[in-house]
Amino acid sequence: MSQAGNERHLSLECLEAPAHEQNWREDWDAFVQRTGAEVYFLTGWQAAWWQHYGPDFSGSRKPVSYILRDGPQIIGILPFCIETVWAGIWPVRFARLAGVDPNFTVMTLPIAAGKEDAVLRSVTDHLTQQMRCAAISLSPLSDRSPQLDSIRAMAANGGTASVLRDRSDRGHTLMDLPDSRDGFMAALSKSRRREVRRDIKRLTQDAPLRNISSDPDTLDIMMDRFIELHTRQWQAVGKGGHFLDWRPAAAFYRTLLHRLAPDNRAAIDEQWQGDTLLSSQLRYTLGDKAYWWLNARAIDPRFEKVGLGRVGLVERVGDLIDAGIGLVEAGAGEYEYKLSYGGELVPVHTLVLAGRGPVARFSVQVLLLWADVIHLFYYRLWFLKIRPRLGTRPRALWAIWIRTRL
């Protein structure tokens, strides 16, 4: 597919294969980093996601990868997962961003500045016409995204898709970091600074604190410790924890570490007091951005009066500042300790486009209604409220709930 305008020539290349299987992988990754897009769009991340959340997770999932050029220059790359979900008795074919799920908020799509309209219009036209998708999900998209208004304007000004849902009912935490550790501490309130100093003093009475990061030889053993620590922490409050809730999660994050760590884009950070593991954190980085979603801390009674989470956060923020990181994406949800120590809760948008034909719009409306029903009765009522009160054993999230989180 191509379109010409004046002396410019926009070309769209579409391959029905994952990004990591393309012969332009190096160009793809270089463009992702150059545009400041998310780590999820790297080919290594895409490979891990397709391995664990591809056809083995849902048999109807198929990849499609787009690369757009203006003449010889790349101006956009977008990986999608196309699948069919049965909304009751109604099958709906839709496209979502590959490599992304409700835990991974997108701030920047890999599109060159000023080319958003051309890239998005070309891709949405191809998905709705050639690929016969009724819906396109660009969720979850951060309110901080510089491309949010471009997507809305593109969908409103003609084309083959329009916005059918643009809603924000949750947020994610972002931390804008200063240039120095002293600057970070100075920005905290006096009470927060006192808390950290008090906790560090208590922790170092018996043994000094020690921070270590994984290397290729320690990845697996540190991942084992992380899963065990995280699961113990959540089981102590009657929940399964991320690695039980999301059935493929343990294998997925382990694969991510092995794929991204050689390029210094993934690691596990641990904090120890002598021979005691206090806390552990999965970390991903790309450019000047770091991504923290999963952490774990000890639940030993000895530390009940010590904020292991906030001590670990402050120590690791200092290390990120030293490494030149300017922004931390600290994950979906509202956590008081993250907000009290420099975080900002930013709205996350569910953004779903629908083909303009009446059948496509009706199909997407049915799918969204079906997704809302599942979310309300299964997740909000049963999973979050009723099951914990009954004290039944935690079980993995339903795959259909994950698949309908558009």
Side-chain angles (χ1 to χ4, degrees), residues 18-20 22 24-53 65-67 74-80 97-113 116 119 138 140-142 144-148 172-179 213-216 219 223 252-269 281-295 316-332 343-344 346 348:
H20 63 280
Q22 311 306 329
W24 20 256
R25 290 190 301 273
E26 291 184 3
D27 291 342
W28 181 292
D29 284 347
F31 185 79
V32 168
Q33 182 150 0
R34 190 161 64 248
T35 56
E38 311 311 322
V39 68
Y40 334 132
F41 297 111
L42 292 175
T43 54
W45 185 288
Q46 291 284 313
W49 190 85
W50 277 105
Q51 181 180 341
H52 299 287
Y53 286 100
S65 300
Y66 293 102
I67 183 165
I74 297 175
I75 61 170
I77 55 172
L78 288 170
F80 281 91
L97 292 169
V100 176
D101 67 32
N103 301 304
F104 310 143
T105 304
V106 176
M107 289 177 282
T108 306
L109 294 166
I111 302 173
E116 293 87 356
V119 170
L138 298 175
L141 195 64
S142 174
R144 184 82 73 91
S145 170
Q147 297 154 331
L148 181 58
H172 71 135
T173 301
L174 295 178
M175 301 177 68
D176 292 290
L177 303 185
D179 295 332
S213 296
S214 59
D215 59 41
L219 272 179
M223 186 64 183
F252 169 63
Y253 284 108
R254 192 183 298 272
T255 301
L256 272 182
L257 283 170
H258 282 282
R259 285 189 172 273
L260 299 184
D263 296 322
N264 295 317
R265 290 170 173 163
I268 299 179
D269 301 316
Q281 174 83 58
L282 281 177
R283 164 174 54 89
Y284 304 93
T285 56
L286 184 61
D288 65 349
K289 286 191 284 190
Y291 303 81
W292 284 350
W293 309 297
L294 290 174
N295 53 52
R316 291 181 186 116
V317 163
D319 292 339
L320 291 179
I321 291 173
D322 292 343
I325 298 297
L327 178 67
V328 176
E329 205 288 309
E344 174 190 357
V346 176
V348 172

Side-chain ([X]) to main-chain ([Y]) donor-acceptor, under 3.5 angstrom:
{"X": "E344", "Y": "M175", "result": "no"}
{"X": "Q46", "Y": "P79", "result": "no"}
{"X": "T255", "Y": "A48", "result": "no"}

For side chain to side chain contact (heavy atoms under 4.5 Å, CB included), just list the numbers for I74 and D27, CA-CA rounded to whole Å, side-chain angles, deciding distance to a tenth of an Å, and then say yes or no.
-> CA-CA 9 Å; I74 297 175; D27 291 342; 3.9 Å; yes
Between [atom1] of [X] and [atom2] of [Y], what distance do you get to the nearest 0.5 Å?
{"X": "Y40", "Y": "T105", "atom1": "OH", "atom2": "OG1", "answer": "6.0 Å"}
{"X": "L78", "Y": "S65", "atom1": "CG", "atom2": "OG", "answer": "9.5 Å"}
{"X": "W45", "Y": "H20", "atom1": "CH2", "atom2": "NE2", "answer": "15.0 Å"}
{"X": "L174", "Y": "E329", "atom1": "CG", "atom2": "CD", "answer": "6.0 Å"}
{"X": "L327", "Y": "L320", "atom1": "CG", "atom2": "CG", "answer": "10.5 Å"}
{"X": "L256", "Y": "W49", "atom1": "CG", "atom2": "CH2", "answer": "12.0 Å"}

Before accepting this row, confirm whether a basic side-chain N of the pair D176/R144 lies closer than 4.0 Å to the acidic partner's carboxylate O.
-> yes
Check V328, L177, D322 against V317 for a side chain to side chain contact (heavy atoms under 4.5 Å, CB included) and give me the one that passes.
-> L177
Do other residues, nucleotides or ligands put more than 12 heavy atoms under 6.0 Å from D179 CG?
-> no
Closest heavy-atom contact between [X] and [Y]?
{"X": "M223", "Y": "Y253", "value": "CE-CB, 3.5 Å"}
{"X": "D269", "Y": "S213", "value": "OD1-OG, 2.6 Å"}
{"X": "A267", "Y": "S214", "value": "CA-OG, 3.4 Å"}
{"X": "P140", "Y": "V348", "value": "CB-CG1, 3.4 Å"}

Extract all donor-acceptor atom pairs below 3.5 Å that involve side chains of residues 29-38 and protein atoms in other chains or at least two apart in sequence.
unit_1, atom_1, unit_2, atom_2, d
D29, OD1, T43, N, 2.8
D29, OD1, T43, OG1, 3.2
D29, OD2, T43, OG1, 2.8
Q33, OE1, R265, NH2, 2.8
T35, OG1, F31, O, 3.0
T35, OG1, V32, O, 3.1
E38, OE1, K289, NZ, 3.2
E38, OE1, Y291, OH, 2.6
E38, OE2, M107, N, 3.0
E38, OE2, T108, N, 2.7
E38, OE2, K289, NZ, 3.1

Steps toward side chain to side chain contact (heavy atoms under 4.5 Å, CB included) verdict (L97, L138) = CA-CA 6 Å; L97 292 169; L138 298 175; 4.2 Å; yes
For W292 and L282, run side chain to side chain contact (heavy atoms under 4.5 Å, CB included): C-alpha distance rounded to whole Å, both residues' side-chain angles, the deciding distance at 0.1 Å, then the answer.
-> CA-CA 6 Å; W292 284 350; L282 281 177; over 6 Å; no
Donor-acceptor pairs under 3.5 angstrom involving side-chain atoms of residues 257-264: please list them, not counting sequence neighbours.
unit_1, atom_1, unit_2, atom_2, d
H258, NE2, D220, OD1, 3.0
H258, NE2, D220, OD2, 3.3

Could you go through the side chain to side chain contact (heavy atoms under 4.5 Å, CB included) check for V106 and F41 one step at a time?
-> CA-CA 10 Å; V106 176; F41 297 111; 4.2 Å; yes
Please state whether the rings of F104 and W293 are parallel, tilted or perpendicular, taking 30° and 60° as the class boundaries.
-> tilted
